[in-house]
Asker: 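Below you will find the structure I want to go over with you.
The sequence lines fix the lettering, A, B, ..., with proteins before strands; numbering per chain opens at 1.
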Amino acid sequence: MTVIPHPAGRTVEHLGSGPLDRDGLAAVVARDIPRGSFVNLGIGQPTMVADHLAADSGVVLHTENGMLGMGPAAQGDAVDPDLINAGKIPVTELPGASYFHHADSFAMMRGGHLDVCVLGAYQVSGRGDLANWHTGAPDAIPAVGGAMDLAIGAKDVFVMMTLFARDGTPKLVPECTYPLTGLACVSRLYTDQALFHLGPDGVTVAETYGTTVDELAARLDVPVRRLGE
Amino acid sequence: MTVIPHPAGRTVEHLGSGPLDRDGLAAVVARDIPRGSFVNLGIGQPTMVADHLAADSGVVLHTENGMLGMGPAAQGDAVDPDLINAGKIPVTELPGASYFHHADSFAMMRGGHLDVCVLGAYQVSGRGDLANWHTGAPDAIPAVGGAMDLAIGAKDVFVMMTLFARDGTPKLVPECTYPLTGLACVSRLYTDQALFHLGPDGVTVAETYGTTVDELAARLDVPVRRLGE
Amino acid sequence: MTVVTGEPDRAVDGIADGSTVLIGGFGLAGMPVTLVEALIRQGATDLTVVSNNAGNGDTGLAALLAAGRVRKMICSFPRQSDSWVFDGLYRAGKIELEVVPQGNLAERMRAAGAGIGAFYCPTGVGTPLAEGKEKRTIDGREYVLEYPIKGDVALIGAHTGDRMGNLVYRKTARNFGPVMATAAALTIAQVSQVVETGELDPETVVTPCIHVDRILDLSAAEAAS
Amino acid sequence: MTVVTGEPDRAVDGIADGSTVLIGGFGLAGMPVTLVEALIRQGATDLTVVSNNAGNGDTGLAALLAAGRVRKMICSFPRQSDSWVFDGLYRAGKIELEVVPQGNLAERMRAAGAGIGAFYCPTGVGTPLAEGKEKRTIDGREYVLEYPIKGDVALIGAHTGDRMGNLVYRKTARNFGPVMATAAALTIAQVSQVVETGELDPETVVTPCIHVDRILDLSAAEAAS
């Protein structure tokens with residue numbers, strides 16, 4: 001694990017405002033990415049993290065379709081159909097970029113060279129199991145893309161998601177009921193309600209947003225601890 | 001196997017002159033390399049084959065230290081310490097050349113992309129086993145280089161050697177007594193005395209040089225046939 | 001020796017029914033659309049197609065699927081917003097699907113091209129995609145045994161080729177092209193332009209000519225049409 | 001982030017006793033002689049060195065061997081006309097030797113860099129170098145199970161680096177460098193020159209900066225000396 005320890009060293013309950021919105025959540029993830037990291041941002045919500053990285057962060061973005069040094073989404077004349085990200089969105093190239101083929105790109109991932117990847121999820125278990133590729137619905141067409149490769153490849157896997165589904169059931173669960181993407185791979189879980197550290201020792205709440213550790217503990221089916229406990 | 005069938009279709013005994021010299025042997029090997037082949041010439045005697053390839057042969061030479069389109073040995077100002085062959089001799093670059101790293105170079109070999117490689121040998125068995133990396137002498141320092149990779153990698157492995165050792169014992173043997181480089185990998189054996197086709201069906205003499213099939217059969221410990229028999 | 005042609009139909013000549021066809025591209029970047037269209041005209045059927053996606057819209061790979069030529073898709077991400085052709089065939093039970101994690105797709109083709117018999121891969125351990133596969137623990141980590149994917153044919157898109165068959169690509173359109181070129185018995189590349197042998201810098205060649213059997217020169221194809 | 005320095009001693013700082021050190025080069029082409037000389041001064045000992053050859057003449061790797069710092073050599077071709085330092089140590093029983101076919105040496109390091117747990121390789125089947133190794137027949141062909149070779153440190157030679165750590169090589173001096181760069185926890189490259197970030201064409205970068213931790217700029221080193 002390469003991530004910096006939590007800056008506060010103890011659990012912080014942010015009660016002055018409500019749960020984080022998607023932008024606020026992306027800002028928290030960006031804050032926790034160490035300077036100079038090599039980072040892969042998954043399709044969808046994780047791409048918002050890029051907007052919150054400081055210009056001098058030295059963070060280098062990897063896209064699994066064969067590029068390091070990916071820049072922001074391309075606009076207008078800069079759109080080039082040969083230059084896209086994993087979500088097939090036209091992007092740009094930053095100075096110091098490089099291109100490589102798919103086997104090299106995934107060797108980079110599988111070989112443990114990426115410091116952090118940020119993914120979305122349907123469910124995450126208390127020990128860090130990840131389910132983010134398949135709802136298990138019988139009529140769904142399975143499609144995995146690079147999710148399993150990222151899950152086992154990056155030194156740290158961060159997940160961004162809402163803590164509760166629309167029906168109020170927690171998505172941080174004792175055991176994933178959706179098909180798994182990877183075992184014990186998520187180290188940090190960033191949600192609108194709280195930031196969790198996950199690992200073999202279980203779930204630690206590092207921060208809460210508009211709620212308390214005790215309130216969360218009452219709503220979750222996994223035991224949670226505070227930092228330093 | 002990609003090599004062209006033997007041009008004569010029947011065994012030819014060349015009795016007008018003696019055994020082939022090294023240059024004559026290289027010319028016979030060069031004759032049998034199909035146009036447009038990708039070829040690796042081993043260290044030592046096999047490199048002489050290059051001098052006998054027709055200018056319009058379209059043969060592209062591979063050197064395992066990471067190059068296709070290798071040209072002749074470099075002379076004078078053309079010597080560049082960064083451009084060498086597998087024998088560490090300075091060489092030149094032909095138009096259409098390319099450079100690649102060692103894993104890609106040996107993937108090319110192991111993956112069966114080379115049409116022909118030409119190697120030297122201490123011993124070759126009737127079914128094509130090759131011994132060319134180690135004399136087995138107890139004080140010898142073992143060194144294999146790319147010999148084993150070439151032996152199993154090229155579509156056709158040609159061996160060039162004298163048929164008899166200095167003490168008169170045949171180097172084409174029923175079973176190799178020297179440590180093996182590869183099993184059943186040699187398809188053609190080019191010697192000063194004769195050209196042999198090797199395979200699961202045994203040894204066929206395609207041509208002789210200054211001797212007859214019957215004379216060779218008497219001196220060898222492996223059964224030999226004529227082409228077409 | 002590499003054949004350079006400006007005729008799409010000549011480029012895909014001889015592809016047999018039942019072939020495994022590797023088709024490059026990630027979405028449309030690097031997708032050899034002209035070659036796939038020629039393959040539809042050529043008529044080979046009962047194909048197994050290996051490609052990252054399972055077709056977009058109604059052209060290229062989607063049109064090949066719609067023409068009923070594909071028995072089985074091996075891909076990482078069939079489901080896309082514009083994959084209606086595949087979706088319909090799949091839901092109707094008219095096509096087989098093998099979903100492979102994207103990195104395994106690349107690595108299994110790389111293994112085919114590199115002569116590797118099989119490899120232990122950490123991707124997918126504990127997931128449904130590893131079910132029924134051989135497992136092994138090495139140095140305390142679990143791995144799944146994965147086998148090569150070899151193509152009878154590879155259809156790829158590149159940017160520039162030379163007359164000997166060396167290729168360079170452009171930006172993220174490189175993607176699967178260089179890997180597929182090594183993994184097929186017959187590799188056919190469509191390129192935007194062909195230059196004389198010697199014009200490509202040997203240091204920058206991405207796919208050496210040994211991996212390329214035929215080049216379709218799109219600039220010549222357009223000039224002729 | 002990649003550190004660029006003109007000081008050889010700073011480039012090799014912190015290499016621990018007992019490390020496995022991958023050293024690039026094929027003969028002298030691509031051999032990082034300045035880094036190896038700095039490693040000798042640095043003093044790390046009890047090393048396992050992985051390199052194609054086992055030193056030439058009395059400099060570079062040969063000098064490291066002569067200084068008694070190497071416990072074990074893993075290489076494909078130790079015996080050369082000018083390998084007298086290694087030859088003497090080996091005959092005196094002062095150094096261990098693991099001979100590995102050249103392609104297996106490359107592929108085992110590639111596997112380490114690519115997160116592959118082990119692979120079935122056809123090279124060496126039936127030979128003394130496969131003795132004691134696990135075998136398996138796949139599709140009628142025999143293979144030997146080979147394991148990754150991972151380095152604590154890689155010392156490689158390249159031609160040009162940029163300030164971010166991207167590397168390009170020159171001609172056949174490329175050889176093992178790009179593979180070793182992926183296979184070590186700490187990769188240190190000596191380069192003939194360093195250019196500003198953005199000056200290397202992204203299409204032509206051979207080793208992306210993610211694989212490079214430190215660059216020794218030889219042009220700066222010479223200017224300072």
Asker: Quick check: are there more than 12 heavy atoms from other residues, nucleotides or ligands sitting under 6.0 Å from CG of A:Asp167?
Answerer: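 Correct, the count exceeds 12.
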
Asker: If you count heavy-atom pairs within less than 4.5 Å of chain A, which of C:Pro101, C:Gly126, C:Ala173, C:Gly177 leads?
Answerer: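 Greatest number of close heavy-atom pairs with chain A: C:Pro101.
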
Asker: Does any heavy atom of chain C fall under 4.5 Å from the side chain of A:Pro81, the backbone, both, or neither of them?
Answerer: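 Just the backbone, heavy atoms under 4.5 Å.
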
Asker: Is any side-chain heavy atom of C:Thr172 closer than 4.5 Å to one of A:Val91?
Answerer: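 In short, these two side chains do not touch, never coming nearer than 4.5 Å.
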
Asker: Taking every heavy-atom pair that is under 4.5 Å apart, which of C:Cys121, C:Gly124, C:Pro122 has the most such pairs with chain A?
Answerer: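 If we count pairs closer than 4.5 Å to chain A, C:Pro122 comes out on top.
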
Asker: So what's closer than 4.5 Å to chain A heavy atoms on C:Tyr169: side chain, backbone, both or neither?
Answerer: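 Looking at C:Tyr169, nothing touches chain A.
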
Asker: Picking from A:Gly146, A:Pro179, A:Pro142, which has the most non-hydrogen pairs under 4.5 angstrom with chain C?
Answerer: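 So the answer, after comparing A:Gly146, A:Pro179, A:Pro142, is A:Pro142.
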
Asker: Heavy-atom pairs under 4.5 Å with chain C: which of A:Ala86, A:Ala107, A:Ala151 has the most?
Answerer: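 Ranked by contacts with chain C, first place is A:Ala86.
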
Asker: At a 4.5 Å cut-off on heavy atoms, which part of C:Tyr90 comes close to chain A: side chain, backbone, both, or neither?
Answerer: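 Side chain of C:Tyr90 only, per the 4.5 Å heavy-atom cut-off to chain A.
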
Asker: Quick one, A:Lys88 and C:Asn53 - any side-chain contact, counting heavy atoms below 4.5 Å?
Answerer: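 Contact flag for A:Lys88/C:Asn53 side chains = yes.
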
Asker: Should the heavy atoms of other residues, nucleotides or ligands under 6.0 Å from CG of A:Asp56 be counted, would the total exceed 12?
Answerer: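 Correct, the count exceeds 12.
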
Asker: Between A:Ala143 and C:Pro78, what is the shortest heavy-atom contact and its length?
Answerer: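 Looking at all heavy atoms of both residues, the closest pair is CB-CD, 3.7 Å.
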
Asker: About how many Å separate CG of A:Asp82 and NZ of C:Lys171, when rounded to the nearest 0.5 Å?
Answerer: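 If I round to the nearest 0.5 Å, the distance is 8.5 Å.
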
Asker: What part of A:Thr181 gets closer than 4.5 Å to chain C, counting heavy atoms only: side chain, backbone, both or neither?
Answerer: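 For A:Thr181, backbone heavy atoms alone lie under 4.5 Å from chain C.
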
Asker: Side chains of A:His134 and C:Val99, heavy atoms from C-beta outward: is any pair under 4.5 Å?
Answerer: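 Result no, sub-4.5 Å side-chain heavy-atom pair not found.
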
Asker: Should the heavy atoms of other residues, nucleotides or ligands under 6.0 Å from NZ of C:Lys94 be counted, would the total exceed 12?
Answerer: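 Not more than 12 within 6.0 Å, no.
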
Asker: Between C:Asn104, C:Val206, C:Val179, C:Asn52, which residue shows the highest count of heavy-atom pairs closer than 4.5 Å to chain A?
Answerer: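 Most pairs with chain A among the choices: C:Val179.
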
Asker: Is C:Arg108 in contact with chain A via its backbone, its side chain, both, or neither, using a 4.5 Å heavy-atom distance?
Answerer: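 Contact with chain A is absent: no heavy atom of C:Arg108 under 4.5 Å.
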
Asker: Any idea which heavy atoms bring C:Phe77 and A:Gly145 closest together, and the distance?
Answerer: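 So the two residues come closest at CD1-N, 3.4 Å.
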
Asker: Report the distance from atom OG1 of C:Thr123 to atom CG of A:Asp149, rounding to the nearest 0.5 Å.
Answerer: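 Taking OG1 in C:Thr123 and CG in A:Asp149, the distance rounds to 4.5 Å.
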
Asker: Assess the pair C:Phe26 and A:His102: is the distance between their ring centroids shorter than 6.0 Å?
Answerer: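 Yes, the ring centres sit under 6.0 Å apart.
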
Asker: Less than 4.5 Å apart, any side-chain heavy atom of A:His101 and any of C:Arg110?
Answerer: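 When only atoms from C-beta onward are counted, C:Arg110 and A:His101 do not touch, as no gap falls below 4.5 Å.
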
Asker: Is there a donor-acceptor pair under 3.5 Å between the side chain of C:Arg91 and the backbone N or O of A:Asp139?
Answerer: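 Yes; judged by distance alone, with no hydrogens or angles, the pair exists.
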
Asker: Given side chains that start at C-beta, do those of A:Ile152 and C:Val125 come closer than 4.5 Å, heavy atoms only?
Answerer: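 In short, these two side chains do not touch, never coming nearer than 4.5 Å.
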
Asker: Which atoms of A:Asp80 come close to chain C, meaning under 4.5 Å heavy atom to heavy atom: side chain ones, backbone ones, both, or neither?
Answerer: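 Only the side chain of A:Asp80 comes within 4.5 Å of chain C.
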
Asker: Identify which part of C:Leu105 has an atom lying under 4.5 Å from any heavy atom of chain A, answering side chain, backbone, both or neither.
Answerer: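 Looking at C:Leu105, nothing touches chain A.
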
Asker: Restricting to non-hydrogen atoms, name the atom on C:Ala29 and the atom on A:Ile84 that form the minimum distance, rounded to 0.1 Å.
Answerer: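 Residues C:Ala29 and A:Ile84, closest heavy atoms: CB-CD1, 3.8 Å.
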
Asker: State, with a plain yes or no, whether a side-chain heavy atom of A:Trp133 is found less than 4.5 Å away from one of C:Leu129.
Answerer: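 Side-chain contact under 4.5 Å: yes.
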
Asker: Any heavy-atom pair between the side chains of A:Phe106 and C:Gln102 that's under 4.5 Å?
Answerer: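 SC-SC contact between C:Gln102 and A:Phe106 confirmed.
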
Asker: Please identify, among C:Ser76, C:Ala106, C:Ala54, the residue contributing the most non-hydrogen atom pairs under 4.5 Å to chain A.
Answerer: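 Sorted descending by pairs with chain A, the first entry is C:Ser76.
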
Asker: I'd like to know if the side chain of C:Arg174 and the backbone of A:Gly66 have a donor-acceptor N/O pair within less than 3.5 Å.
Answerer: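 No, the answer is negative, given that no donor and acceptor are paired below the 3.5 Å cut-off.
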
Asker: Identify which part of C:Cys75 has an atom lying under 4.5 Å from any heavy atom of chain A, answering side chain, backbone, both or neither.
Answerer: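 For C:Cys75, no heavy atom lies under 4.5 Å from chain A.
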
Asker: Chain A heavy atoms under 4.5 Å from C:Val100: which part of the residue, side chain, backbone, both or neither?
Answerer: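 Backbone only.
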
